[in-house]
Amino acid sequence: MKTYKISLDIKATDKLQLVEKLQAFQDLQDYLSHEDLVTATIVITEHPEIVSFIKEVIPEEGNELSLTDYISIAKKAFERFA
């Protein structure tokens, strides 16, 4: 695999936000396959409301989801997006 240098224009309110955006992009690149990254980008661009839904249902750090949590999330997703 080759490494490419690119030039980006990124909107940010300050340097901290710029660093956070770049770190988020790096994390996506490091942890998602190419296909998953492209698919996630398409989903988020076509349905930006999904981001707020994910923030609503994601467990707090260190907590795990139970089977009941998964069922509840699936029900909420169906009600909101079906």
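Keep in mind that what you see is a predicted model, and the values were worked out from it rather than measured.
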Can you give me every donor-acceptor pair (side chain of residues 5-12, partner residue at least two apart or in another chain, under 3.5 Å) with its distance?
none

TODO: Determine, using the 4.5 Å side-chain heavy-atom cutoff (strictly less than), whether Ile44 and Leu22 are members of one ILVMFWY cluster.
DONE: no
TODO: Tell me whether Ile50 is reachable from Val57 by hopping between hydrophobic residues (I, L, V, M, F, W, Y) whose side-chain heavy atoms are closer than 4.5 Å.
DONE: yes
Open item on the list: Rounded at 0.5 Å granularity, tell me how far CZ in Arg80 sits from CD in Glu56.
Closed with: 4.5 Å
TODO: Report the hydrophobic cluster partners of Ile42, with the cluster defined as I, L, V, M, F, W, Y residues connected by side-chain heavy atoms closer than 4.5 angstrom, directly or transitively.
DONE: Val38
Open item on the list: Within this structure, what is the CG-CD1 distance for the pair Leu65 and Ile58, rounded to the nearest 0.5 Å?
Closed with: 8.5 Å
Open item on the list: According to salt bridge (Lys or Arg N to Asp or Glu O under 4.0 Å), who are the partners of Glu79, at least two apart in sequence or on a separate chain?
Closed with: Lys75
Open item on the list: My understanding is that only residues two or more places apart in sequence, or in another chain, count here; which of them pass ring-ring contact (aromatic ring centres under 6.0 Å, His included) with Phe53?
Closed with: Phe81
Show me, pair by pair, the donor-acceptor contacts under 3.5 angstrom made by side chains of residues 66-74, not counting sequence neighbours?
residue: Ser66; atom: OG; partner: Thr68; partner atom: N; Å: 3.4
residue: Ser66; atom: OG; partner: Asp69; partner atom: N; Å: 3.2
residue: Ser66; atom: OG; partner: Asp69; partner atom: OD2; Å: 3.2
residue: Asp69; atom: OD2; partner: Ser66; partner atom: N; Å: 2.9

Task: Lys55: salt bridge (Lys or Arg N to Asp or Glu O under 4.0 Å) partners, not counting sequence neighbours - done: none
- [ ] Measure the spacing between OG1 of Thr41 and CG of Leu32 and express it to the nearest 0.5 Å.
- [x] 8.5 Å
